[in-house]
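As structure tokens, the structure follows; a few thoughts come after it.
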Amino acid sequence: MDTSDWAKNLVERKKKELEEKRVKDDRLDAQLEKKWSEVCQAAQKAAEEVNKEMGQQYIRFSQDANADKFSLKVGEADNVVRLDRSNRTIKGSRGKAYRLTLVGDTPVWKYDPVDYTSEQIARDEVQQAFEG
């Protein structure tokens with residue numbers, strides 16, 4: 001194999017790797033809004049369930065107008081959960097970062113090394129707000 005064959009093979013492998021990454025990134029980007037919406041809806045529902053059990057509005061759920069964050073307010077404590085679209089990451093109110101990744105063909109939130117569902121993230125965040 002001469003040097004030009006070596007370079008061609010090297011470049012072809014890199015091109016294939018970059019194309020696979022682009023396809024994976026496109027698939028994740030296509031799922032990001034849906035998965036984030038699931039987390040927001042689940043957090044709102046979880047807050048409503050806690051409030052119903054408490055017999056009062058103990059946790060106030062509110063969502064930002066541009067939908068990149070929501071707040072779980074308990075008293076004066078404001079627990080803000082943010083979506084970092086560029087990194088496909090949810091930044092929890094206590095510093096946890098859940099990253100959207102593909103497991104096989106399925107988009108999954110991951111807080112290494114554990115996989116989380118949207119509902120699990122929502123409950124985790126509501127529980128943290130509730131416990132202060």
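Identified under the ring-ring contact (aromatic ring centres under 6.0 Å, His included) test for residues 37-69, with sequence neighbours left out: Y58-F130, F61-F70. Judged as a ring-ring contact (aromatic ring centres under 6.0 Å, His included), the pairs with a partner in residues 80-99 (not counting sequence neighbours) are, in order, Y98-Y111, Y98-Y116. Applying the salt bridge (Lys or Arg N to Asp or Glu O under 4.0 Å) test to pairs two or more places apart or on separate chains, those with a residue in residues 70-84 are D84-K91. For the salt bridge (Lys or Arg N to Asp or Glu O under 4.0 Å) condition, the pairs that include at least one residue of residues 108-119, sequence neighbours left out, are K110-D115, E119-R123. For residues 46-57, no residue pair satisfies the side chain to side chain donor-acceptor pair (under 3.5 Å) rule, not counting sequence neighbours. Residue pairs meeting the salt bridge (Lys or Arg N to Asp or Glu O under 4.0 Å) criterion with at least one partner in residues 93-104, sequence neighbours excluded, are K96-D124.
For the residue pair Q128 and S93, the shortest heavy atom distance occurs at OE1-OG, 4.2 Å. Contact detail for A122 and V39: the closest heavy-atom pair is CB-O, 3.7 Å. For the pair W109 and R88, the tightest heavy-atom approach, listed with the atom from each and the gap, is CZ3-O, 4.0 Å. Smallest separation of non-hydrogen atoms from C40 and Q63: SG-NE2, 3.2 Å. When all heavy atoms of A43 and V126 are compared, the pair lying nearest together is O-CG2, 3.7 Å.
For the side-chain contact (heavy atoms from CB on, under 4.5 Å) test with V11, the passing option among K8, K15, R13 is K15; the others fail.
For the atom pair D5 CG and L10 CG, the distance stands at 12.5 Å (nearest 0.5 Å). A distance of 9.5 Å separates CD of Q31 from OG1 of T106, quoted to the nearest 0.5 Å. The OG atom of S118 lies 6.5 Å from the CD1 atom of I90; values are rounded to the nearest 0.5 Å.
In this structure K69 satisfies the side chain to side chain donor-acceptor pair (under 3.5 Å) test with no other residue, sequence neighbours excluded. Every residue two or more places apart in sequence or in another chain that forms a salt bridge (charged side-chain N to carboxylate O under 4.0 Å, His left out) with K21 is listed here: D25. R27 pairs by the salt bridge (charged side-chain N to carboxylate O under 4.0 Å, His left out) definition with D105, not counting sequence neighbours. Applying the side chain to side chain donor-acceptor pair (under 3.5 Å) rule to K34 yields no partners; only residues at least two apart in sequence or on another chain are considered. When the side chain to side chain donor-acceptor pair (under 3.5 Å) test is applied to E20, no partner is found at least two apart in sequence or on another chain.
The pair K16-E19 does not count as a salt bridge, with every side-chain nitrogen at least 4.0 angstrom from each carboxylate oxygen.
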(Q) The test is side chain to side chain contact (heavy atoms under 4.5 Å, CB included); show your working for K45 and Q41 and say whether it passes. (A) CA-CA 6 Å; K45 182 180 175 188; Q41 290 171 3; over 6 Å; no
Q: Could you please spell out the steps behind the side chain to side chain contact (heavy atoms under 4.5 Å, CB included) verdict for K14 and E17?
A: CA-CA 5 Å; K14 183 52 91 172; E17 178 185 313; 3.0 Å; yes
Q: Carefully, step by step, assess L72 and E125 under the rule side chain to side chain contact (heavy atoms under 4.5 Å, CB included).
A: CA-CA 8 Å; L72 299 164; E125 291 298 322; 4.1 Å; yes
(Q) Between L83 and L32, does the side chain to side chain contact (heavy atoms under 4.5 Å, CB included) criterion hold? Intermediate values first, please. (A) CA-CA 10 Å; L83 175 64; L32 184 62; 4.0 Å; yes
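Between the side chain of W36 and the main chain of T89, no donor-acceptor pair closer than 3.5 Å is present. Listed for the Q120 side chain is a donor-acceptor partner under 3.5 Å among the backbone atoms of T117.
In this structure, a donor-acceptor pair under 3.5 Å is absent between the side chains of S37 and E33.
Membership of the apolar cluster around V103 extends to V108, as traced through chained side-chain contacts below 4.5 Å between ILVMFWY residues.
Residues V114 and V81 share a single hydrophobic cluster, defined by chaining ILVMFWY side chains whose heavy atoms lie under 4.5 Å apart.
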